[in-house]
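Structure first, commentary second.
Atoms considered below: every heavy atom in the structure, side chains included; atoms not considered: hydrogens, waters and symmetry mates. Nothing fancy with the numbering, it's 1 onward along the sequence.
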Amino acid sequence: MTRTARFLAAALAALGLAAAVPAQAIPQVVLVQNSGWMEPFYADPKSPFKPLVAALVDSVVQPGDALVLAAFNQSQPGAPSPRGLLSEQAGGATAAHVRDALAGLETARKPQGGALADTDLGEAVTASIDGVLRGKPGLVWLFTNNRNSPNNDQATAQRNRDFYGLIHRGPAIAKALAFPLRMPVQGAHYRANGLMVYVFAVGAEGERALDQLVAEGRVKRVITEPPARLKPLDRDTVRLVPRRVEDAPGVAMSMDANGVLRADVAPGALEPFATVRWNLENTIYPYTIVGASVGARSVLNGANHRIVLEDGSVERLAPGKQAPLVSRVQLPVAQLPGTWSLDALKAAGSAFVLPGRIELQLHGQKLALSQAFRARMAALFPGDPLPDIFTPPAEVHDSIARLPVEVRVHYGSGPLYAAIGAALALLAAGAAAAWAYARPRRVHLTVEDELRTVRTRAGAVQPIYDKAGNQVARLKTTLFGHELIDLRDGAQVRLGR
């Protein structure tokens, strides 16, 4: 940590901004710029700036999240930056708290001479990551007019390069999004057309929390503009949308609301390959994929299969646009349970699900900022060199996109009913055999002209005695009848009367 960062961390800790947060919480740091360039956002009586900050905090901070709200410009001796405005633990912050904290915030001035304060975006972000979050997972929000000129340095292009170097090459930031917003305001000294809202996800947990906020629409409740992705640029740059399956009767593909590809397979579908026509969609706004070679494979139940593409390249694919892609896909016929298997019987009436994924690799990926985004940035931030440097790092050449897949086989209830019927029949037969085996029986014998009745049951062997008490035979009883065994020579014993 640099001396400046250590100083800022100590200052923030003294203000109570670096207090411990619950282990399960995702702390959020909200940085609000109040340097001289922000004067119209504070001076204009119709400025929606402060209400926007309060509304966004109210939407994105959830129960269990800690909040730190701070104003920033550029740190000076006797005037540290960022300066804490509000610190709430475990989701205690509300829009009213934020409005109250922002109510008295004005444009900052330097401690000596009274000139309007300068701006250092990198300093504010570094202080938040190292001083407030202390390197732990979290989210850092940054509200700025996008003018980055420490010490009133006019070389803003270089300052912006330094700022984006921190974003792209800083290992702490896992994901970064930017929301350029139209916000025309007029002050006594300056006027502005737009505001930029950044959010930086620190660590893998911070990235998951940000993805969840976006997926749940919490950001979109307040900011309807699509986010411009700054980082990462080597993951999830495209996605596949199925159009049609050919040469494979009984196989259909669709996409559910969560972006999971579903391959519905009939139990009798035995074709090992299928031709699938897709739309390849650019999901990396605001970049156009100028060119890339495309490779693909499927991973199902631990088995990898190459997907053969008819045309393994993409060119001039604008953000949000789609291009047709034809592939030959190997179906997991051998990995699906048979109709009479235990898995199929358990899934009767529903579906047996085999999870997996499709991986797309873009090699030699070349990205360019879309012309529509350049024009929008020029209108919102006239004279700002940002659009010229809002580009990915030169070392980002490849990217990978993973599409979760569910192969679903729908088994009817017929085999299950047949299996249940067979089981019941076996059970009935077993019960009948047990009753026949256990029921008592009476056998009539004639011993030396004397009629006797013997009580016995299946499996029993009983001795037979003559009138003198001598054993002359034994009576063996089975499920199928009776017989005399070990009959003594000359004995007068017979079955029946």
Side-chain angles (χ1 to χ4, degrees), residues 8-9 11-13 15-19 21 25-35 38 41-42 47-73 80-106 108 119-134 136-146 163 167 172-173 175-179 181 183 195-203 206 209-210 212-214 218-223 227:
L8 292 171
L12 290 169
L15 289 165
L17 298 182
V21 297
I26 291 295
Q28 301 195 43
V29 183
V30 179
L31 299 172
V32 180
Q33 183 180 341
N34 71 332
S35 63
M38 291 289 290
F41 293 91
Y42 293 92
S47 171
F49 174 61
K50 291 180 180 179
L52 170 70
V53 176
L56 185 62
V57 171
D58 188 53
S59 183
V60 300
V61 176
Q62 304 175 74
D65 294 347
L67 170 68
V68 170
L69 175 67
F72 79 95
N73 39 77
S81 172
R83 178 174 65 87
L85 303 175
L86 177 67
S87 178
E88 295 280 358
Q89 301 293 332
T94 65
H97 293 161
V98 176
R99 284 194 297 268
D100 292 343
L102 293 174
L105 184 64
E106 299 293 342
T119 309
D120 194 332
L121 301 179
E123 178 187 61
V125 174
T126 300
S128 299
I129 294 174
D130 296 340
V132 181
L133 297 177
R134 297 180 180 178
K136 295 181 179 179
L139 299 178
V140 178
W141 299 84
L142 185 73
F143 292 79
T144 174
N145 73 328
N146 230 37
F163 180 49
I167 296 171
I173 297 177
K175 188 165 190 172
L177 303 177
F179 299 85
L181 307 178
M183 189 176 288
L195 178 77
M196 185 74 86
V197 180
Y198 295 96
V199 57
F200 308 110
V202 179
L210 178 57
Q212 184 174 355
L213 286 178
V214 174
R218 290 183 173 273
V219 180
K220 199 170 184 179
R221 294 174 190 171
V222 181
I223 300 176

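- Contact annotation: the side chain of Val125 approaches that of Phe163 to within less than 4.5 Å [non-hydrogen atoms, C-beta and beyond].
- Between Gln33 and Phe41 the shortest side-chain heavy-atom distance does not fall below 4.5 Å.
- Contact check for Arg99 versus Lys50: no side-chain heavy atoms found under the 4.5 Å cut-off.
- Residues Thr144 and Leu195 are not in side-chain contact: their nearest non-hydrogen atoms beyond the backbone lie 4.5 Å or more apart.
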Leu142 vs Val197, side chain to side chain contact (heavy atoms under 4.5 Å, CB included): CA-CA, chis, key distance, verdict: CA-CA 6 Å; Leu142 185 73; Val197 180; over 6 Å; no

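- For the pair Val199/Val140, no side-chain contact is recorded, criterion being any heavy-atom separation below 4.5 Å from C-beta on.
- One finds the CD atom of Gln62 at 6.0 Å from the CD atom of Gln212 (value rounded to the nearest 0.5 Å).
- The CD1 atom of Ile167 sits 14.5 Å away from the NZ atom of Lys175 when rounded to the nearest 0.5 Å.
- Asp65 CG to Leu139 CG: the interatomic distance, rounded to the nearest 0.5 Å, is 8.0 Å.
- Looking only at side-chain heavy atoms (C-beta outward), Leu133 and Pro27 come within less than 4.5 Å of each other.
- Using a 4.5 Å heavy-atom cutoff, the side chains of Leu177 and Val214 are in contact.
- With rounding to the nearest 0.5 Å, the separation of CZ in Phe143 from CG in Leu102 is 9.0 Å.
- For the pair Gly138 and Ile26, the tightest heavy-atom approach, listed with the atom from each and the gap, is CA-CG2, 4.1 Å.
- A heavy-atom distance below 4.5 Å is found between the side chains of Arg83 and Leu85.
- Tested against Val57, the residues Val222, Val98, Leu52 include a single side-chain contact (heavy atoms from CB on, under 4.5 Å) partner, Val98.
- How far CZ of Phe49 is from CG of Asn34: 8.5 Å, rounded to the nearest 0.5 Å.
- The closest donor-acceptor contact from the side chain of Gln28 to the backbone of Val60 lies under 3.5 Å.
- When all heavy atoms of Ala124 and Leu31 are compared, the pair lying nearest together is O-CD1, 3.6 Å.
- Between the side chain of Ser59 and the backbone N or O of Arg218, at least one donor-acceptor pair lies under 3.5 Å.
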Phe200 and Ile129: side chain to side chain contact (heavy atoms under 4.5 Å, CB included), yes or no, with the steps? CA-CA 10 Å; Phe200 308 110; Ile129 294 174; 5.7 Å; no

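- Here the CG atom belonging to Leu69 is positioned 13.5 Å from the CH2 atom belonging to Trp141, to the nearest 0.5 angstrom.
- Considering every non-hydrogen atom in both Pro82 and Ala70, the closest pair reads CB-CB, 3.9 Å.
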